[in-house]
Number of protein chains: 2
Amino acid sequence: MALTQTAETRYTKPVLVAVNKPFDDEDGLQALRSHPLFSELNGKDLQHLIQQSRRIRLGHHQLLYRQDMPAHHFFFVISGRLRLYRLDSSGIDRTLDSIAPGDCFAEVMIYADPPRYACYAEALKSSEVLMIPVKAYQDMLESNPKYAQAALRHYAKRAVSRFHDLEIMTVQNARDRLIRYLIDLLPNGAEEGGEVELPLPKCLVASRLAMQPETFSRILADLKANGLVRVNRSRLFISDPQRLIEISQ
Amino acid sequence: MALTQTAETRYTKPVLVAVNKPFDDEDGLQALRSHPLFSELNGKDLQHLIQQSRRIRLGHHQLLYRQDMPAHHFFFVISGRLRLYRLDSSGIDRTLDSIAPGDCFAEVMIYADPPRYACYAEALKSSEVLMIPVKAYQDMLESNPKYAQAALRHYAKRAVSRFHDLEIMTVQNARDRLIRYLIDLLPNGAEEGGEVELPLPKCLVASRLAMQPETFSRILADLKANGLVRVNRSRLFISDPQRLIEISQ
DNA sequence: AAAACACTTTGAGTTAGATCAATTACTCCC
DNA sequence: GGGAGTAATTGATCTAACTCAAAGTGTTTT
C-alpha cells in the first residue's frame with residue numbers, strides 16, 4: 001500500500017548520482033562483454049563506449065528516470081536490482097518488469113522516436129548501473145554492420161519475450177496467472193522442478209500480475225497447503241511443475 | 001464459444017495455398033514500399049526479395065501457421081485481416097494481436113533462435129499475404145548496413161508497443177482495460193474524439209482483454225447508455241475520450 | 001533495545017465479473 | 001427467402017477476487 005503510490009510522492013529531486021569510480025572491475029566488465037548488445041564489440045570500441053558512459057549509484061527506492069523524460073541514455077545493471085513501472089492518471093503504480101545484474105534496459109530507446117522513456121525506473125535495493133549515451137552506441141552500430149546484427153538478435157529476443165508476457169496476462173484468473181508466472185521463473189520451465197527466487201517483493205509481483213497483494217498471499221498460501229510449493233521468504237521451491245499446470249487446467 | 005476451441009479441431013491439413021498471381025499490382029507494391037522494413041530497400045533488392053517470396057491466399061478462418069512450427073518465413077499482409085493467438089494446455093484460445101493490410105508479422109523470427117512461431121496465425125476473413133523467406137531478408141540486411149538501421153528502428157517501435165500492450169493488461173478491472181484499449185485505437189489517442197473500428201470481432205476483443213464476451217457486451221452497453229460511446233456494429237464513435245478516462249479514474 | 005517503518009498475512013464483508021442458459025441478430029449458403 | 005451456423009445480447013446465479021481492517025513479521029534506525 002505504501003508502494004502503490006510511491007514515486008511521485010516520495011522522490012522529488014535528486015534523480016541521478018554519478019560516482020567517480022571508473023567502470024573497470026573485472027567482474028563488471030566481464031558481465032558487460034557477455035551481454036549480446038556488447039559481446040560483438042571489439043576491445044577498442046568497447047573501451048570507447050565505456051569512457052563515454054557514467055557509472056551511477058542508486059540507493060534503495062531511488063528513482064533513475066521518469067516516464068516521458070527525454071531518453072538520451074540506456075542502462076546496463078552492474079549490481080543490485082531495478083524495476084520498471086508506469087503510473088496512471090489516478091496514481092496507481094503498475095509494475096511491468098524487473099531487471100537483474102547483467103541485463104540492459106531502456107535499450108529500446110536507441111531507436112525510439114521520439115526518444116522518451118516509456119516508464120519509470122527505480123532501484124529496488126542499492127544498485128549500480130552503467131549509463132550509456134544512446135548517441136555513442138548508435139554511432140558504433142553504424143560503424144560496423146556486424147554490431148547491428150547482434151542488436152537485431154537482441155531486439156528479436158526481447159520482442160518474443162514481451163509477447164510471452166502478454167500471453168500470461170490474457171489468462172483470466174489470478175491463480176493461473178501466478179502459476180504460469182512461477183513456471184516461467186523456473187530455470188528449465190515446466191520440464192523439471194527447482195527453486196525460484198521472486199525477482200520482486202511479493203506486493204510488486206502481485207502488481208505485475210494484475211492482482212492485489214492479499215490475493216497473491218492467499219493463492220500462495222493455498223498452493224503451500226496443497227504441497228505444491230514450499231515457501232521460504234522470497235524463495236519458492238517447486239517440486240512438480242506438471243502438477244501445478246494440471247491444477248490450473 | 002465456438003471460437004474458444006478453434007484451431008486444433010477445425011483446421012487440420014491444408015495450411016498454405018500459394019497463388020500464381022505475381023505480386024506486382026501497384027497498390028500492394030506501394031504498401032510494401034512504405035513499410036519501414038522495406039522502405040530503404042533499393043529497387044533491385046526489393047525486386048529480388050519479391051521474386052523469392054510467394055503470394056498466399058487464405059480463406060475465412062484458415063490457418064497460416066501453428067505455434068511451435070519451424071519458422072522459415074515471415075509475412076506481409078496484402079489484403080484482409082489476420083489474428084495471432086496462442087492455445088494453452090486446456091485448449092483455451094487467447095488472442096494476442098490482430099494484423100491489418102500493410103503490416104508485417106512474425107518478422108521477429110528473422111532473428112529468433114530457434115526459429116519457431118510463437119503463436120498461431122489465422123485469417124479473420126479471406127486475405128492475401130506475401131510469404132517472405134527469412135533467409136532472403138537476412139542476406140539482404142547483411143549486404144547493406146543501412147537496411148539494418150531501418151530494421152532496428154522497426155523492432156524498437158514494436159518492442160515499445162508490446163510494452164504498452166502489457167501495461168494495459170496490468171489494469172485490474174475489465175471496464176478500465178476496455179476503455180484504455182478503445183482510446184489506444186483512436187487515431188489521435190485521448191487528444192480528440194473520433195470513430196474507431198474494432199480490429200477483431202467482439203468476442204475476440206474480449207479474449208484479447210482477458211474478459212468474457214458477456215462482460216465485454218455489458219460494459220459496452222453501459223458506456224452506450226451513459227452516452228460515452230455510440231455503437232454501430234464494429235464501429236464505435238467516441239466523442240469525448242477525456243470523459244472516458246475520467247470515469248475510469 | 002525499543003521504536004518506526006515496510007511488507008505480509010489473515011479475517012470478514014462486498015462486488016465485479018464468470019458461468020450457465022436462453023434469446024436475438026447477423027452472415028453465409030443453398 | 002428460408003435455414004444453418006456463428007456472434008452478440010440479456011438475464012439470473014454464483015464465486016473469485018477486491019476492499020477494508022487488523023494483526024503479525026521482519027528490517028532499519030536511533
Side-chain angles (χ1 to χ4, degrees), chain A residues 1-7 9-11 59-61 83 90 92-93 95 122-126 169-179 198 200-225 229 231-236 247-249, chain B residues 1-6 9-10 59-62 83 90 92-93 95 122 124-126 169-179 198 200-225 229 231-236 247-249:
Chain A
M1 41 207 56
L3 273 160
T4 53
Q5 34 133 16
T6 48
T9 52
R10 281 227 296 267
Y11 323 97
H60 181 58
H61 274 177
R83 76 169 175 126
S90 54
I92 291 174
D93 165 326
T95 299
E122 72 160 26
L124 285 168
K125 47 183 165 180
S126 71
M169 297 311 289
T170 61
V171 172
Q172 285 190 31
N173 70 84
R175 160 182 289 246
D176 291 357
R177 278 200 304 282
L178 175 52
I179 287 174
L198 295 178
L200 295 161
K202 290 174 181 172
C203 65
L204 294 180
V205 175
S207 145
R208 175 55 240 280
L209 296 175
M211 67 183 76
Q212 295 303 121
E214 295 93 329
T215 304
F216 179 95
S217 179
R218 280 185 247 265
I219 292 170
L220 204 59
D222 182 69
L223 294 179
K224 196 163 54 172
V229 299
V231 183
N232 181 293
R233 309 187 99 319
S234 70
R235 308 187 85 82
L236 312 186
I247 70 144
S248 82
Q249 313 233 21
Chain B
M1 42 205 59
L3 273 159
T4 54
Q5 34 133 15
T6 49
T9 51
R10 282 228 296 268
H60 182 59
H61 273 178
Q62 192 181 349
R83 76 169 175 124
S90 54
I92 290 175
D93 165 327
T95 299
E122 72 160 26
L124 286 167
K125 48 182 165 183
S126 71
M169 297 310 289
T170 62
V171 172
Q172 286 190 30
N173 71 85
R175 159 181 289 247
D176 292 357
R177 279 200 304 280
L178 175 51
I179 288 175
L198 294 178
L200 296 161
K202 289 174 181 172
C203 66
L204 294 180
V205 175
S207 143
R208 176 53 241 279
L209 296 175
M211 66 183 77
Q212 293 304 120
E214 295 94 328
T215 303
F216 178 95
S217 180
R218 282 185 246 264
I219 292 171
L220 205 59
D222 182 68
L223 294 179
K224 195 162 55 173
V229 298
V231 182
N232 180 292
R233 311 185 101 318
S234 70
R235 307 187 86 81
L236 312 187
I247 70 145
S248 82
Q249 312 234 19

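Just so you know, these numbers use all the heavy atoms, side chains as well, and skip hydrogens, waters and symmetry mates.
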Query raised in the report: Could you give the NE2-to-C1' distance, from His60(B) to dC29(C), as a whole number of Å?
Result: 13 Å
Query raised in the report: When the distance from CG of Asp93(A) to P of dC7(C) is rounded to whole Å, what number comes out?
Result: 11 Å
Query - Set of side chain to side chain donor-acceptor pair (under 3.5 Å) partners for Thr95(A), sequence neighbours left out - result: Arg83(A), Ser207(A)
**Report entry** Least distance between heavy atoms, Arg177(A) atom then Ala210(A) atom
**Finding:** NH2-O, 3.1 Å
Report task. Please report, rounded to the nearest Å, how far the C1' atom of dA6(C) is from the CZ atom of Arg233(A). Result -> 12 Å
Report summary line: What one should report as the nearest heavy-atom pair of Leu198(A) and Lys202(A) is CD1-CG, 3.8 Å
Query raised in the report: In whole angstrom, what separates Leu198(A)'s CG from dC7(C)'s C1'?
Result: 13 Å
Query - Euclidean distance, atom NE2 of residue His61(B) to atom C1' of dA7(D) [Å, nearest integer] - result: 10 Å
**Report entry** Spacing between Leu178(A) atom CG and dC18(D) atom C1', to the nearest angstrom
**Finding:** 17 Å
Query raised in the report: Roughly, in whole Å, what's the span from CG in Leu220(B) to P in dA7(D)?
Result: 18 Å
Query - Per Cys203(B) side chain, nearest of listed nucleotides dT10(C), dA8(D), dC7(C) - result: dA8(D)
Report task. List the atom of Leu124(B), the atom of Leu204(B), and the distance in Å for their closest heavy-atom pair. Result -> CD2-CD1, 3.9 Å
Report task. Measure from CG on Asn232(A) to C1' on dT25(D) and round the result to the nearest Å. Result -> 14 Å
Query - N/O (side chain, Lys125(B)) to phosphate O (OP1/OP2, dT27(C)) under 4.0 Å - result: no
Report task. Could you encode protein contacts along nucleotides 14-20 of chain C as a string, one character per nucleotide from 5' to 3', using B for base contact, S for sugar-phosphate-only contact and - for no contact, with a heavy-atom cut-off of under 4.0 Å? Result -> ---SSBB
Report task. Kindly determine whether Ile179(A) and Arg175(A) satisfy side chain to side chain contact (heavy atoms under 4.5 Å, CB included), including the steps that lead there. Result -> CA-CA 6 Å; Ile179(A) 287 174; Arg175(A) 160 182 289 246; 4.0 Å; yes
Query raised in the report: Looking only at heavy atoms, what is the nearest atom pair of Leu200(B) and Arg208(B), with distance?
Result: CD1-CB, 4.5 Å
Requested in this report: Take the C1' atoms of the five end pairs on each side of the helix from dA1(C)-dT30(D) to dC30(C)-dG1(D), derive the two axes, and give their angle rounded to 10 degrees.
Outcome: 50°
**Report entry** Verdict with supporting geometry, Thr215(B) and Leu178(B), side chain to side chain contact (heavy atoms under 4.5 Å, CB included)
**Finding:** CA-CA 10 Å; Thr215(B) 303; Leu178(B) 175 51; over 6 Å; no
Query raised in the report: Got a second to check how far Arg218(B)'s CZ is from Met211(B)'s CE, nearest 0.5 Å?
Result: 12.5 Å
Report task. Kindly say whether Arg235(A) contributes a backbone atom to a donor-acceptor pair with the side chain of Asn232(A) at under 3.5 angstrom? Result -> no
